Asker: 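Here it is, the structure, as structure tokens.
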There are 2 protein chains.
Amino acid sequence: MADTVKQRITSQRRVILEELRKSVFHPTAAELYQVVRRRLPRISLGTVYRNLDLLARSGMARKLATGTGQSRFDANLEAHYHVRCIRCGRMDDVFSLPELILDDEVAQETGYEIQGHELQFVGICPACQQKSDMK
Amino acid sequence: MADTVKQRITSQRRVILEELRKSVFHPTAAELYQVVRRRLPRISLGTVYRNLDLLARSGMARKLATGTGQSRFDANLEAHYHVRCIRCGRMDDVFSLPELILDDEVAQETGYEIQGHELQFVGICPACQQKSDMK
DNA sequence: GTATGTGCAAATTATTTGCACGAAG
DNA sequence: CTTCGTGCAAATAATTTGCACATAC
């Protein structure tokens, strides 16, 4: 009830969410900006950032830490994990794992009020493996 | 064998690793810089960054993505996970979990060559819960 | 002596923000 | 019409880098 803010449905907001949902890429803000610009040529990068932040904070998208200085975004709210390529930065989904991770146990151990978790595998994607082989 | 680079043991490098090992904090580069500066007042922040990067890439420390624009570092190489406070940014260890996560399965599903994984719980730390209660 | 590392400052990169104008409701 | 959102440009914040000098080996 503290954050009852009226949110308007602007064309920018709608297109950003639509394109984020379409993407299999987990795009960065800049990548999404390029895509959105094809439909809204006058949109600014700042607006993309503002809306991604809003979507993340209102739970309509996830902001993914990458350890590379830029964040990626994901509008798929299903429980799933990610795998990131340390060479090219690409990020893919991982669905196969059972729901193994028990937030409640961690709450008990640490005293934190746990809201969720993020599991990320790190490795080298098939395309980048190819490139190594060719050398 | 590609990255056989001779590494010298400078006092800066030694003190940075010592202080990182002592810290329970998972410090950011800037936080570690403050600590190290007490022993080496003339050290520069750039040197801290360079050495943290080196330690991370040579496997002597882990670089932890936080989703907040700054990275944290951890010299504890034991298998363990982390829990991060969304209010104050603090990061603590989580040891209780069994080793549930199967890198091999993910390699099979995705075709990635998996090097490891990072599991991070997200929530509100005890101290920040207190602060909320007092309001 | 020579290659590697450091301090310093400037450069780069990602992201955020102030402000005047525009559009949603 | 009033409030919230946008475009633009400037501001911040974290990190990286070039260069001349210092130091480990």
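Lettering follows sequence order; numbering is per chain, from 1. Being a predicted model, the structure only gives us computed values, none of them experimental.
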Asker: Please report the C-alpha distance between B:E19 and B:R39 in whole Å, then the side-chain angles of each, then the deciding distance to 0.1 Å, and finally whether the salt bridge (Lys or Arg N to Asp or Glu O under 4.0 Å) criterion is met.
Answerer: CA-CA 10 Å; B:E19 293 298 332; B:R39 294 174 57 187; 2.7 Å; yes

Asker: What's the closest nucleotide to the side chain of B:Q70 if the choices are D:dC8, D:dT15, C:dG7?
Answerer: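 Comparing D:dC8, D:dT15, C:dG7 against the side chain of B:Q70, the answer is D:dT15.
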
Asker: Nearest to the B:T47 side chain among C:dG5, D:dG7, C:dT6, which nucleotide is it?
Answerer: C:dT6

Asker: Does any residue of residues 28-43 of chain A have a heavy atom under 4.0 Å from DNA chain D, and if so, which ones, in number order?
Answerer: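 Listed by number, they are A:R42, A:I43.
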
Asker: Nearest heavy atom decides the nucleotide; on that basis, is A:G46 or B:G69 closer to the 5' end of DNA chain D?
Answerer: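 First, find each residue's nearest nucleotide; the 5'-ward one identifies A:G46.
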
Asker: Do the non-hydrogen side-chain atoms of B:N51 and B:I16 ever get within less than 4.5 Å of each other?
Answerer: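 B:N51 reaches B:I16 side chain to side chain.
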
Asker: Expressed as a whole number of angstroms, how long is the span from A:N51:CG to C:dA24:C1'?
Answerer: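 For the pair A:N51 CG and C:dA24 C1', the rounded distance is 14 Å.
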
Asker: What integer distance in Å separates B:K6:NZ from C:dT2:C1'?
Answerer: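 Interatomic distance, NZ of B:K6 to C1' of C:dT2: 10 Å.
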
Asker: Can you check the B:L64 CG to D:dT15 P distance for me, whole Å?
Answerer: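 These atoms are roughly 12 Å apart.
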
Asker: Do you know which of A:K63, A:M91, A:H80 makes side-chain contact (heavy atoms from CB on, under 4.5 Å) with A:D74?
Answerer: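 Only match with A:D74 under side-chain contact (heavy atoms from CB on, under 4.5 Å): A:H80.
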
Asker: Taking only the side-chain nitrogens and oxygens of B:Q12, find out if one of them lies under 4.0 Å from OP1 or OP2 of C:dG7.
Answerer: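 Answer is yes, contact under 4.0 Å.
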
Asker: For B:T10 and C:dT6, is the shortest distance between a side-chain N/O and OP1 or OP2 below 4.0 Å?
Answerer: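 Looking at the OP1 and OP2 atoms of C:dT6, one of them is under 4.0 Å from a side-chain N or O of B:T10.
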
Asker: In whole Å, what is the span from the CG atom of B:L52 to the C1' atom of D:dT16?
Answerer: 13 Å

Asker: Quick one about A:H26 and A:N76 (side-chain donor to acceptor, distance below 3.5 Å, no hydrogens or angles considered), yes or no?
Answerer: no

Asker: Within the structure provided, determine whether B:V35 and B:K22 are in side-chain contact (heavy-atom separation under 4.5 Å).
Answerer: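 They are not in contact (no side-chain heavy atoms under 4.5 Å apart), so the answer is no.
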
Asker: Would you mind classifying the nucleic acid contact of B:D53 as base, sugar-phosphate or nothing, using non-hydrogen atoms under 4.0 angstrom?
Answerer: nothing

Asker: Could you check how far OH of B:Y49 sits from P of C:dT13, rounded to whole Å?
Answerer: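 These atoms are roughly 16 Å apart.
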
Asker: Figure out the CD1/C1' separation between B:I16 and C:dG7, and round it to whole Å.
Answerer: 13 Å

Asker: Quick check on DNA chain D: between B:I9 and B:S71, whose nearest nucleotide comes earlier from the 5' end?
Answerer: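 Whichever sits nearer the 5' end wins; that is B:S71.
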
Asker: Any donor-acceptor pair under 3.5 Å joining the side chain of A:R8 to the base of D:dT3?
Answerer: yes

Asker: Taking atom C1' of C:dT15 as reference, at what distance in whole Å does atom CG of A:L45 sit?
Answerer: 8 Å

Asker: Drop me the distance from A:Y49's OH to A:S44's OG, to the nearest 0.5 angstrom.
Answerer: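 Atom-to-atom, A:Y49:OH and A:S44:OG are 11.5 Å apart.
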
Asker: Using atom CZ of A:R13 as one end and atom C1' of C:dG25 as the other, report the distance to the nearest whole Å.
Answerer: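 Spelled out: CZ on A:R13 to C1' on C:dG25 is 14 Å.
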
Asker: Please check if the side chain of B:R13 supplies one atom and the backbone of B:R8 the other of a donor-acceptor pair under 3.5 Å.
Answerer: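 Yes, B:R13 side chain to B:R8 backbone: donor-acceptor pair under 3.5 Å.
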
